[in-house]
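Everything below concerns the one structure shown next.
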There are 2 protein chains.
Amino acid sequence: MQKKVTIYDIAREAGVSTATVTRVVAGHPSVKAATREKVQRVIDAHAYSPSASAQHLEGGQTRTLAMIMPGVQNPYFARIYATAYAEAQAHGYYVWLFQIGEHNPISGELVDELIRRRMDGVLFAGGIWSTRRSGLAEAVARFRHHMPVAVVCPPSMELDCICIHSDLVSCSRLPVRHLHALGHRRIAYIGGSMQLEDTSRRGEGFLEELRALGLADDPAYHVDTGFDAEGGERAVLRMLSGLPRKRWPTAIIAFNDQVALGAMRQLKQMGLRLPEDMAIIGCDNQFFCPYVDPALTTVDLHPEEMTRSAVRELLVAREGGAQSLTLMREASLIVRESCGTALGYRHLG
Amino acid sequence: MQKKVTIYDIAREAGVSTATVTRVVAGHPSVKAATREKVQRVIDAHAYSPSASAQHLEGGQTRTLAMIMPGVQNPYFARIYATAYAEAQAHGYYVWLFQIGEHNPISGELVDELIRRRMDGVLFAGGIWSTRRSGLAEAVARFRHHMPVAVVCPPSMELDCICIHSDLVSCSRLPVRHLHALGHRRIAYIGGSMQLEDTSRRGEGFLEELRALGLADDPAYHVDTGFDAEGGERAVLRMLSGLPRKRWPTAIIAFNDQVALGAMRQLKQMGLRLPEDMAIIGCDNQFFCPYVDPALTTVDLHPEEMTRSAVRELLVAREGGAQSLTLMREASLIVRESCGTALGYRHLG
DNA sequence: AGATGAAATGTTATCGGTAACATATCTTTG
DNA sequence: CAAAGATATGTTACCGATAACATTTCATCT
């Protein structure tokens, strides 16, 4: 690590003014070839490159979008991040990721930090944000004084910013209808957390759909145990052990694919055959879905598309476009093996 | 978005000098309570916060570490990133993630950008870096002129920086010995890519170990088809369809857990029972390992520990500590169901 | 050769902060 | 009450770059 070298050092050593160095660095054509070469040699010799901070101070942009999410260890968010990164890059921007964990509110310090660092925009991702306790509304309000904000999440409270929502109605309706059409009448819902608005909303959508089909919405068929595979295991154990065998559900809808995975494990452990004895539907269409046994039927919320829209709208907003709008994306059901076929369920009729 | 407000605006409106504003912001005790309050009110009213760029320009650090890796969609790297983020945060630093994809060399522009942005250090992660074609050596050399560098990866070429390696010997030996002890004699290795130094090294370590145990290292037992589940599927299909049934391996070691997952799927599809007809060992101990069927035996490289060391050493280096050193971490075998037990394999003896 | 205009390069104010140093305002005390 | 010392606040050079504007150099043409 050599001492830091500034544009003045280069200018002095090359025997030119700083303006000429700037011109050489910027590739401005008005520099004589001989001068350019001379300066470039000095630049190379010292591995000089201009300070982004100084450039930014002098009227520049940071060309950076901040992305705030629970965490990238959840493959769903990893997909969102990767998409945002690629989309931003295509527009000449960088994305800086900040993860705050699945249960923490958005800290005021983080908001401060990002304002101080003069991000060109902020992207939120995550269902968790919907909670009032998350402080999302406050964070958005504070950011909005300084930069455009986009939120990729399920619909929740009204937010005065760019909101890209997934359609929770289709997200609940699709799997319930599918199971109903296959003959299922006792359908359970596991995972998520009633404390978090998003996940409870999804639960509500599920219940509404059941009622619409004239099915019982037995509270025993609803266990919220979080977002990971271990939670899925626990949910199944708790639900089935609290119920006489004849009242067991014949199908389970999981909050996400990890929860479904854990549920499948536990069900097998209890000696059930999948999908014959229990149908399962996950959510998020994660990479492992086609590879587990049975291959997992799931709901795709199309986070990539939503994220791309969010990035684009954010950049449009930067250029003076709409600072506040709402877009909604429908979900799709990806049918694999974990629900079997109608045929396999004849006996349920 | 209001017009950007500077320290001068605050000073003027509060009727004090900029120095006083700085003092209030920094919480310096020498400001009279009345003044502090007056200034704070103006700050709050305008949602003012000092520009990090200006602060950095004036002697400050960026308190930012850059992390360069293939991509966070691979759960192995997601773990590494999350660990680095947490560890850095504990020391008051932020981590900025840059992903370059699994097959791209490290671009010169990225290196430039990070030098321009005056990162306080760079962290590389990923086996892929080991390839000469990746340009890792050049990138490290360029960074080293400006900041300390740490690399978390398998051992590869000599790098003049902080190198945190996993022990490929234990990584190969552990699964092979385990399978051998269970009675397996025909052991295959799938996944990875011979073009990438790391993965071919792991393949070599595997072969060496086979030879050490006096087993044949049949090239038909080695198929490299990449890093994901789909590659695992392909590998199994290609390997088994090219071999008469009696020469089929009785165990497969996969490059990573995703590859193992794909392989399991394909094996089941071909009617094999797991683990009775085929034992499988993965690598990375990813979250889904305990939940697939059968639960996947795997190797844990302990990326978290390595990453924590890397971050710590990087920060030590910043303070003038060693800029170049090498640490090596042994791997562990995590035994689950996918190899069965010795008993189950009696017939193999 | 001298005028003219284009091309190449230099000078300097500016961006938004910080902190060393200077100054002004209070207490305290003989 | 004046002097001394402590406390609070102000002034200003500087950090590293950029770009508007000024100046110099050079080729071209009458």
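Predicted, not measured: the structure shown is a model, and the values here were computed from it. In what follows, chains are A, B, ... by sequence order, proteins preceding strands, each numbered from 1.
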Could you state the atom-to-atom distance from [atom1] of [X] to [atom2] of [N] in whole Å?
X         : N       : atom1 : atom2 : value
Arg12(B)  : dG16(C) : CZ    : C1'   : 13 Å
Gln61(A)  : dA17(D) : CD    : P     : 19 Å
His28(B)  : dA19(C) : NE2   : C1'   : 10 Å
Ile115(B) : dA17(D) : CD1   : P     : 13 Å
Arg116(B) : dG16(D) : CZ    : P     : 16 Å
Gln55(A)  : dA19(D) : CD    : C1'   : 13 Å
Lys32(A)  : dT24(D) : NZ    : C1'   : 12 Å
Lys4(B)   : dC15(C) : NZ    : C1'   : 8 Å

Any side-chain heavy-atom pair from Tyr85(A) and Leu97(B) closer than 4.5 angstrom?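 Heavy-atom side-chain distance check fails, nothing below 4.5 Å.
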
Does the side chain of [X] get closer than 4.0 angstrom to OP1 or OP2 of [N] through an N or O atom?
X         : N       : value
Thr22(B)  : dT18(C) : yes
Tyr8(B)   : dT14(C) : no
Thr20(A)  : dG10(C) : yes
Ser51(A)  : dG16(D) : no
Arg118(A) : dG17(C) : yes

As a test of understanding, state which of Leu114(B), Val111(B), Leu123(B) forms a side-chain contact (heavy atoms from CB on, under 4.5 Å) with Ile68(B).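 Result for side-chain contact (heavy atoms from CB on, under 4.5 Å) with Ile68(B): Leu114(B).
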
Run through Val42(A), Val39(A), Val5(A) and flag the one making a side-chain contact (heavy atoms from CB on, under 4.5 Å) with Glu13(A).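 Of the listed residues Val42(A), Val39(A), Val5(A), the side-chain contact (heavy atoms from CB on, under 4.5 Å) partner of Glu13(A) is Val42(A).
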
Decide yes or no on salt bridge (Lys or Arg N to Asp or Glu O under 4.0 Å) for Arg41(B) and Asp44(B), but give the supporting numbers first. CA-CA 5 Å; Arg41(B) 236 192 309 277; Asp44(B) 292 342; over 6 Å; no

Look at all strands and tell whether Val21(A) reaches a base, only sugar-phosphate, or nothing, counting heavy atoms closer than 4.0 Å.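 The answer is nothing, as Val21(A) stays clear of every strand by at least 4.0 Å.
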
Have a look at Thr18(A) and say if it touches a base, only the backbone sugar-phosphate, or nothing, with a 4.0 Å heavy-atom cut-off.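 Base contact - Thr18(A) has a heavy atom under 4.0 Å of at least one base atom.
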
By nearest nucleotide on DNA chain C, pick out whichever of Ser49(B) and Val16(A) is the more 5' one.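 The residue closer to the strand's 5' end, by nearest nucleotide, is Val16(A).
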
Which label fits Phe227(A) and His103(A): parallel for a plane angle under 30°, tilted from 30 to 60°, or perpendicular past 60°?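 Aromatic pair Phe227(A)/His103(A) classed tilted.
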
is_close_aromatic(Tyr94(A), Trp96(A)), centroid dist under 6.0 Å: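 Between Trp96(A) and Tyr94(A), which both carry aromatic rings, the centre distance is not below 6.0 Å.
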
Of Glu87(A), Glu319(A), Glu305(A), the residue whose pairing with Arg312(A) passes salt bridge (charged side-chain N to carboxylate O under 4.0 Å, His left out):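 Of all the options given, the one that passes is Glu87(A).
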
Evaluate salt bridge (Lys or Arg N to Asp or Glu O under 4.0 Å) for Arg142(B) paired with Asp112(B), printing each intermediate quantity in order. CA-CA 9 Å; Arg142(B) 288 193 54 204; Asp112(B) 276 344; 2.5 Å; yes

Considering heavy-atom distances to DNA chain D, does Leu57(B) or Ser30(B) have its closest nucleotide positioned more toward the 5' end?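 Checking each residue's closest nucleotide, the 5'-ward one belongs to Ser30(B).
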
If you only use heavy atoms from C-beta on, which nucleotide in dG16(D), dA19(D), dA17(D) is closest to the side chain of Pro50(A)?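 Nearest to the side-chain atoms of Pro50(A), counting from C-beta on, is dA17(D).
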
Nearest to the side chain of Thr35(B), heavy atoms from C-beta on, is which of dA8(D), dT18(D), dG16(C)?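 Nearest nucleotide to the side chain: dA8(D).
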
Arg23(A) (side chain) and dG10(C) (base): donor-acceptor pair under 3.5 Å: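 For Arg23(A), whose side chain was compared with the base of dG10(C), there is a donor-acceptor pair (under 3.5 Å).
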
How large an angle, rounded to 10°, do the end axes of the helix from dA1(C)-dT30(D) to dG30(C)-dC1(D) enclose when each is built from five base pairs?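 The end-segment axes of the helix from dA1(C)-dT30(D) to dG30(C)-dC1(D) are tilted 60° relative to each other.
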
